[in-house]
Amino acid sequence: MAKTILVVEDEKDIANIIIFNLERNGFDTLEANDGPAGLKLALECAPDLILLDVMLPGIDGFEICRQVRAQSQVPIIMLTAREEETDKILGLELGADDYVTKPFSNRELIARIKANMRRFSELPAAEEKERASGIEIAEESAAVYKDGKPLDLSVREFDILSYLAAEPGRVVSREELMEKVWGFEYYGDLRAVDVAIRRLREKIEDEPAQPRYIITKRGLGYYFAKN
């Protein structure tokens with residue numbers, strides 16, 4: 001069954017080009033040309049991925065991302081013409097999985113889409129729970145439990161936690177996390193890793209400022225604390 005991608009883009013010419021290329025690559029599409037319509041489709045139609053422009057009439061992309069992420073873990077790729085790193089970091093902090101800066105090539109956009117959808121949909125064949133320092137990771141259902149209670153993690157956060165917890169005590173650089181977790185050549189700032197780690201800590205740590213699970217090794221990277 002073809003995957004459905006919601007394109008939220010107010011510039012009709014750009015939206016038409018994106019949709020043409022998506023459909024040529026075998027995707028079904030939904031389209032919205034303003035913020036309120038995009039939010040409605042995102043919440044009611046359960047797309048498999050959302051391409052979300054930042055500058056939209058009615059409701060901007062940041063607010064749509066925030067509201068969608070409060071109810072769904074669907075992959076979100078922000079589309080932005082802005083070069084300011086603060087805007088890109090804000091999107092990631094609000095729960096976006098990735099961003100693409102305009103103008104972008106069709107090849108880059110399709111590669112980003114496929115990589116994000118693959119992480120969201122490909123799960124191991126058998127259910128296994130890995131316990132790490134009070135954290136349980138259920139691989140098949142992509143679920144994480146702390147003291148028996150489920151945690152609401154995004155796909156990216158789950159992947160980071162799983163990767164670090166697989167080898168407790170081993171320091172992993174930001175470059176390695178970008179390569180292994182993001183899973184494709186990434187043209188952005190490595191601070192995206194720091195943003196994702198901070199969001200993950202806010203969900204799994206009792207005191208994010210004094211983490212028990214994910215520890216920073218200054219100048220080198222991060223590691224998951226051994227039992």
To the nearest 0.5 Å, how far apart are [atom1] in [X] and [atom2] in [Y]?
X    : Y    : atom1 : atom2 : value
L177 : L164 : CG    : CG    : 5.5 Å
I197 : I215 : CD1   : CD1   : 10.5 Å
T4   : D28  : OG1   : CG    : 4.5 Å
L22  : L30  : CG    : CG    : 11.0 Å
I135 : I137 : CD1   : CD1   : 7.5 Å
L79  : R112 : CG    : CZ    : 10.5 Å

Would a distance-only check, ignoring hydrogens and angles, find a side-chain to backbone donor-acceptor pair under 3.5 Å from [X] to [Y]?
X    : Y    : answer
S72  : V68  : no
R201 : A196 : no
Q67  : I64  : no
T216 : R218 : no
E205 : R212 : yes
D60  : L56  : no
K203 : D152 : yes
N116 : P75  : no

For the hydrophobic clusters of this structure (ILVMFWY residues joined by side-chain heavy atoms under 4.5 Å, transitively), does one cluster hold both [X] and [Y]?
X    : Y    : result
I214 : L151 : yes
Y222 : V171 : no
F104 : I113 : yes

Closest heavy-atom pair and its distance - [X], [Y]:
X    : Y    : value
V74  : P47  : CG2-O, 3.3 Å
P168 : A165 : CD-O, 3.2 Å
P36  : G58  : CD-CA, 3.9 Å
N25  : N21  : ND2-O, 2.7 Å
G95  : C65  : C-SG, 4.0 Å
L52  : G61  : CD2-O, 3.3 Å

In the structure I gave you, are the side-chain heavy atoms of [X] and [Y] within less than 4.5 Å of one another anywhere?
X    : Y    : answer
M55  : D10  : no
E176 : Y163 : yes
D53  : V8   : no
E23  : T29  : yes
D194 : R174 : yes
L43  : Q71  : yes
L153 : L161 : yes
I50  : I77  : no

Just checking, is any N or O donor in the side chain of E11 or N33 under 3.5 Å from an acceptor N or O on the other one?
no
Strictly by modelled atom types, are Y223 and E167 linked by a side-chain donor-acceptor pair under 3.5 Å?
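Per modelled atom types, Y223 and E167 side chains form no pair under 3.5 Å.
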With [X] via salt bridge (Lys or Arg N to Asp or Glu O under 4.0 Å) - residues at least two apart:
X    : value
K217 : none
E63  : R66
D34  : none

Are any of the side-chain nitrogens in E31 or K12 under 4.0 Å away from the carboxylate oxygens of its partner?
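Counted as a salt bridge, because a side-chain N and a carboxylate O are separated by less than 4.0 Å.
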Partner set under side chain to side chain donor-acceptor pair (under 3.5 Å) for [X], not counting sequence neighbours:
X    : result
E93  : R198
E9   : K102
D206 : K146

